[in-house]
Amino acid sequence: MIPLIIKVLVVTAAAQVSATFCNLTEESGNHQCYGSVGESLSLHLTANRAEEKITLKKGDNRILYIKTGEDWRSKLHQDYVNRSEFLNNGTFRLDSVIEDDSGDYQLDIFNSEGTKLRVVNMQLEIQAPVSEPVLSHLCLHHGETMVTCSSERDGLQYSWTLNGQNLTRSVAYVHYQNTTTSVIILKSDVTGTLTCMVQNKVSSSNSTIHLLACPVFSSQIHFVIVTVAIALAVGTLVLLLAVFVGINRLCGKLRFLHTTSGCSNDEGAAVVYTEVFNKRKREVNQKATEMVEYGEIKMAASLNEEESPKNQRDMEMTTNQTYDTSFLTTFGRT
């Protein structure tokens, strides 16, 4: 399956649902009411409050107590003093509701004699307005169109229309939906204006896209595309290998030319210097050795225990003169 992403025009719209009014004047029973975060919520408690006592509680906390001829504000819970109002028609209005206002409420109505007339239980749920839905569009390889609609907030409900008509199985395959996303797959060659609407109990919003026909990818085209991709990958690897081998050969030739050109590095210079130094040292040692050997030969020739003392002294003087002359001659050369 090869998806193809196509840009489409998206049009969005939002609207508030009139769900911030709850009528509790009916007979005793249970009521489900909704409010929108940040908006006003009106609770119609009684149609005629003459000679009646009204008590409104949330859980165990009394919010409102009204008695004929008394100021209702003095009996209002402190958390509601600055954001509520009781109207003459028996409606209690709560401004700027928050999520903490959600919960179970009980309304008790008494007559002037203290007899309980009605008991009304109300479950209040405060919801945030829905965000504008985001649409994405994919073309599948058989020409189908997959469209995804996403939004945020709790209690979302999705609905789809094509050219103003509800979707049917004749144009759509799948309709998948969870708490934040709705997905449909349209059949091939389906075109027109597609609208996704998302709503909860207090608000709604919608987005629209204009669909074009998706191209159909046959099995042969798919095989050709895969083959071309593989060929390009192999060709790229071969080219990189050839460049690598060429660079290695070029570097080898450059090293060969550099070696045969007579240039020497620091290591070669050190070797030549060592050889010259050792040669001079050997020449000095050879000269010193010849001087010592020459003196030893003269001295050895002049020693004879059987000669007379006079001749011996003459020989010693001659040897000393010869040694001095050799010594001076050697150091003179140096």
Side-chain angles (χ1 to χ4, degrees), residues 1-21 32-41 96-99 102 125-226 228-229:
M1 182 179 292
I2 301 178
L4 177 64
I5 300 176
I6 297 180
K7 294 183 179 179
V8 295
L9 177 63
V10 179
V11 180
T12 60
Q16 287 292 116
V17 176
S18 179
T20 58
F21 180 83
Q32 178 71 56
C33 296
Y34 299 92
S36 178
V37 174
E39 301 293 330
S40 296
L41 173 66
S96 301
V97 296
I98 58 178
E99 292 184 356
S102 298
E125 182 179 349
I126 305 300
Q127 296 181 345
V130 299
S131 62
E132 293 183 356
V134 177
L135 291 176
S136 60
H137 171 236
L138 285 175
C139 285
L140 307 180
H141 74 289
H142 288 305
E144 302 95 337
T145 305
M146 183 174 68
V147 185
T148 302
C149 181
S150 301
S151 184
E152 297 179 355
R153 304 297 184 261
D154 296 328
L156 300 181
Q157 296 179 351
Y158 293 86
S159 60
W160 296 84
T161 60
L162 180 64
N163 297 325
Q165 302 296 323
N166 292 330
L167 292 180
T168 62
R169 293 185 180 275
S170 62
V171 295
Y173 286 116
V174 179
H175 183 200
Y176 166 78
Q177 179 176 325
N178 58 21
T179 56
T180 59
T181 304
S182 178
V183 179
I184 60 171
I185 298 179
L186 302 175
K187 295 182 178 181
S188 60
D189 299 329
V190 174
T191 61
T193 301
L194 182 68
T195 300
C196 173
M197 174 176 286
V198 57
Q199 63 182 2
N200 59 9
K201 297 298 183 179
V202 298
S203 64
S204 66
S205 182
N206 64 79
S207 296
T208 299
I209 61 175
H210 300 285
L211 295 177
L212 301 176
C214 288
V216 178
F217 291 93
S218 65
S219 59
Q220 294 180 353
I221 296 177
H222 181 266
F223 175 76
V224 170
I225 293 175
V226 173
V228 171

Hey, what do you get for [atom1] ([X]) to [atom2] ([Y]), rounding to the nearest 0.5 Å?
{"X": "Ile184", "Y": "Glu144", "atom1": "CD1", "atom2": "CD", "answer": "13.0 Å"}
{"X": "Tyr173", "Y": "Leu167", "atom1": "OH", "atom2": "CG", "answer": "14.0 Å"}
{"X": "Tyr34", "Y": "Ser203", "atom1": "OH", "atom2": "OG", "answer": "13.0 Å"}
{"X": "Ser182", "Y": "Leu156", "atom1": "OG", "atom2": "CG", "answer": "10.5 Å"}
{"X": "Thr179", "Y": "Glu152", "atom1": "OG1", "atom2": "CD", "answer": "10.5 Å"}
{"X": "Ser207", "Y": "Glu132", "atom1": "OG", "atom2": "CD", "answer": "6.5 Å"}

Could you walk me through whether Asn166 and Thr168 satisfy the side chain to side chain contact (heavy atoms under 4.5 Å, CB included) test, starting with their C-alpha distance in whole Å, then the side-chain angles of each, then the deciding distance to 0.1 Å, before giving a yes or no? CA-CA 7 Å; Asn166 292 330; Thr168 62; 5.7 Å; no
Within the side chain of [X], is there an N or O that forms a donor-acceptor pair under 3.5 Å with the backbone of [Y]?
{"X": "Lys201", "Y": "Cys33", "result": "no"}
{"X": "Ser102", "Y": "Ile126", "result": "yes"}
{"X": "Asn163", "Y": "Thr193", "result": "yes"}
{"X": "Tyr158", "Y": "Thr180", "result": "yes"}
{"X": "Asp154", "Y": "Gln127", "result": "no"}
{"X": "Ser205", "Y": "Val130", "result": "no"}
{"X": "Ser151", "Y": "Ser131", "result": "yes"}

Apply the test side chain to side chain contact (heavy atoms under 4.5 Å, CB included) to residues His137 and Cys214: give CA-CA distance (whole Å), side-chain angles for both, the deciding distance (0.1 Å), then the verdict. CA-CA 10 Å; His137 171 236; Cys214 288; 4.1 Å; yes
Apply side chain to side chain contact (heavy atoms under 4.5 Å, CB included) to Thr181 and Thr148, showing your working. CA-CA 7 Å; Thr181 304; Thr148 302; 3.4 Å; yes
Show the numbers, then the answer: is there a side chain to side chain contact (heavy atoms under 4.5 Å, CB included) between Val171 and Lys187? CA-CA 6 Å; Val171 295; Lys187 295 182 178 181; 5.8 Å; no
Where Ser36 and Pro129 come nearest, the two heavy atoms and their spacing: OG-CG, 3.6 Å
Shortest non-hydrogen contact from Ser204 toward Gln199: CB-CB, 3.4 Å
Just to verify, which of Thr161, Leu186, Leu135 counts as forming a side chain to side chain contact (heavy atoms under 4.5 Å, CB included) with Leu194? Leu186
Can you confirm whether more than 12 heavy atoms, excluding those of Gln32, are under 6.0 Å from its CD atom? yes
